Amino acid sequence: MNIYSGNETGGVQGTLGERVVSKLTETIRGKDVMLAFDRFFTSVHLMETLKFPAVGTCIKTRKDVPNFTTKLSKRGEAEFLVTKNGTMCARWLDSKEVMMLSNCHEAKYAKVNRTMRDGSKEEFECPVAIYNKIMGGVDLSDQMANVYELDRKSW
């Protein structure tokens with residue numbers, strides 16, 4: 001745990017998210033570790049400087065994220081780009097567009113079953129970086145955090 005107590009001087013450079021991840025990874029003892037985080041923490045710079053395999057959702061307007069030129073038009077379409085330093089960026093259209101950065105995945109697909117609006121199930125191809133057990137845990141954590149209102153004010 002790292003308690004944020006305001007702007008820190010010295011130490012690791014970068015965005016707040018990059019500094020948090022870098023500071024927390026200093027405490028990792030095991031070698032067989034894969035990190036997963038959401039879009040607040042994910043950046044190309046972080047992926048390229050981390051000493052561990054990592055994957056995370058990403059904001060397309062973040063600095064150094066590769067520019068995709070085509071528009072994804074139908075559910076299940078995907079596109080991959082790789083930065084000059086080897087970070088893979090995957091974009092996939094589900095009910096909305098999802099973008100991921102990974103320093104440990106290849107541009108491969110996995111088959112996934114998705115529920116359509118009418119309740120039927122359909123099989124789609126999805127980038128392996130997006131469809132993995134680790135990112136599912138991050139998404140579930142985000143969903144659970146939204147259920148509970150923590151900033152209640154009272155008199």
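Note that the structure is predicted; figures quoted are calculated from it, not measured.
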Mind checking side-chain contact (heavy atoms from CB on, under 4.5 Å) for [X] and listing every partner two or more places apart, or none if nothing turns up?
X      : value
Ile28  : Thr25, Val33, Leu35, Phe52
Asp118 : Met116, Ser120
Thr15  : Glu18
Thr61  : Ile59

Distance col, row Leu101:CG vs His45:NE2, nearest 0.5 angstrom, shows 13.5 Å
Salt bridge (charged side-chain N to carboxylate O under 4.0 Å, His left out) pairs, two or more places apart, involving residues 76-90: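 For residues 76-90: Glu79-Arg91.
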- Which residue pairs pass the salt bridge (charged side-chain N to carboxylate O under 4.0 Å, His left out) test with at least one member in residues 50-66, sequence neighbours excluded?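 Qualifying pairs: none.
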Q.
With a sphere of 6.0 Å drawn around CD of Glu97, does it hold more than 12 non-hydrogen atoms of other residues, nucleotides or ligands?
A.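 Check passes, neighbour count above 12.
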Considering non-hydrogen atoms only, spot the tightest contact between Val65 and Cys89 and give its length.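 Val65 and Cys89 have their closest heavy atoms at CG1-SG, 4.3 Å.
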Practice problem: List for me each residue that meets side-chain hydrogen bond (donor to acceptor under 3.5 Å, both in side chains) alongside Glu48, sequence neighbours excluded, and say none if there are none. | Solution: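 For Glu48 the side-chain hydrogen bond (donor to acceptor under 3.5 Å, both in side chains) partners, ignoring immediate neighbours, are Thr83, Asn85.
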Sequence neighbours excluded, the answer for side-chain hydrogen bond (donor to acceptor under 3.5 Å, both in side chains) partners of Thr87 is none
Taken in chain and number order and not counting sequence neighbours, the residues that satisfy salt bridge (charged side-chain N to carboxylate O under 4.0 Å, His left out) with Glu125 are Lys111
- Item | Test salt bridge (charged side-chain N to carboxylate O under 4.0 Å, His left out) applied to Arg75 - qualifying residues, sequence neighbours left out |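 So Arg75 forms a salt bridge (charged side-chain N to carboxylate O under 4.0 Å, His left out) with Asp94.
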For Tyr109, the hydrophobic cluster (side chain heavy atoms closer than 4.5 Å, chained through members) also holds Phe80, Val82, Met88
Test question: given the 4.5 Å side-chain rule for I, L, V, M, F, W and Y, name all other residues clustered with Leu72, or answer none.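 Members other than Leu72 - counting any ILVMFWY side chain reachable under 4.5 Å - are Leu93.
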Under the side-chain contact (heavy atoms from CB on, under 4.5 Å) criterion, do Met47 and Ser102 qualify, and how do the steps go?
-> CA-CA 7 Å; Met47 290 294 182; Ser102 175; 5.7 Å; no
N/O donor-acceptor pair under 3.5 Å between Asn103 side chain and Ala54 backbone: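 Yes: the side chain of Asn103 pairs with the backbone of Ala54.
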Inset, instruction - Evaluate the side-chain proximity of Phe68 to Met99: yes if any heavy-atom separation is below 4.5 Å, no if none is. - result: yes
| task | Flag the pair Phe37 / Leu46 as yes when at least one side-chain heavy-atom distance between them is below 4.5 Å, and no otherwise. | result |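 In contact.
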Met100 and Val55: CA distance, side-chain angles, deciding distance, side-chain contact (heavy atoms from CB on, under 4.5 Å) verdict | CA-CA 7 Å; Met100 302 282 289; Val55 61; 3.4 Å; yes
Test side-chain contact (heavy atoms from CB on, under 4.5 Å) on Leu16 and Val20; report intermediate values, then the result. CA-CA 6 Å; Leu16 175 60; Val20 168; 4.1 Å; yes
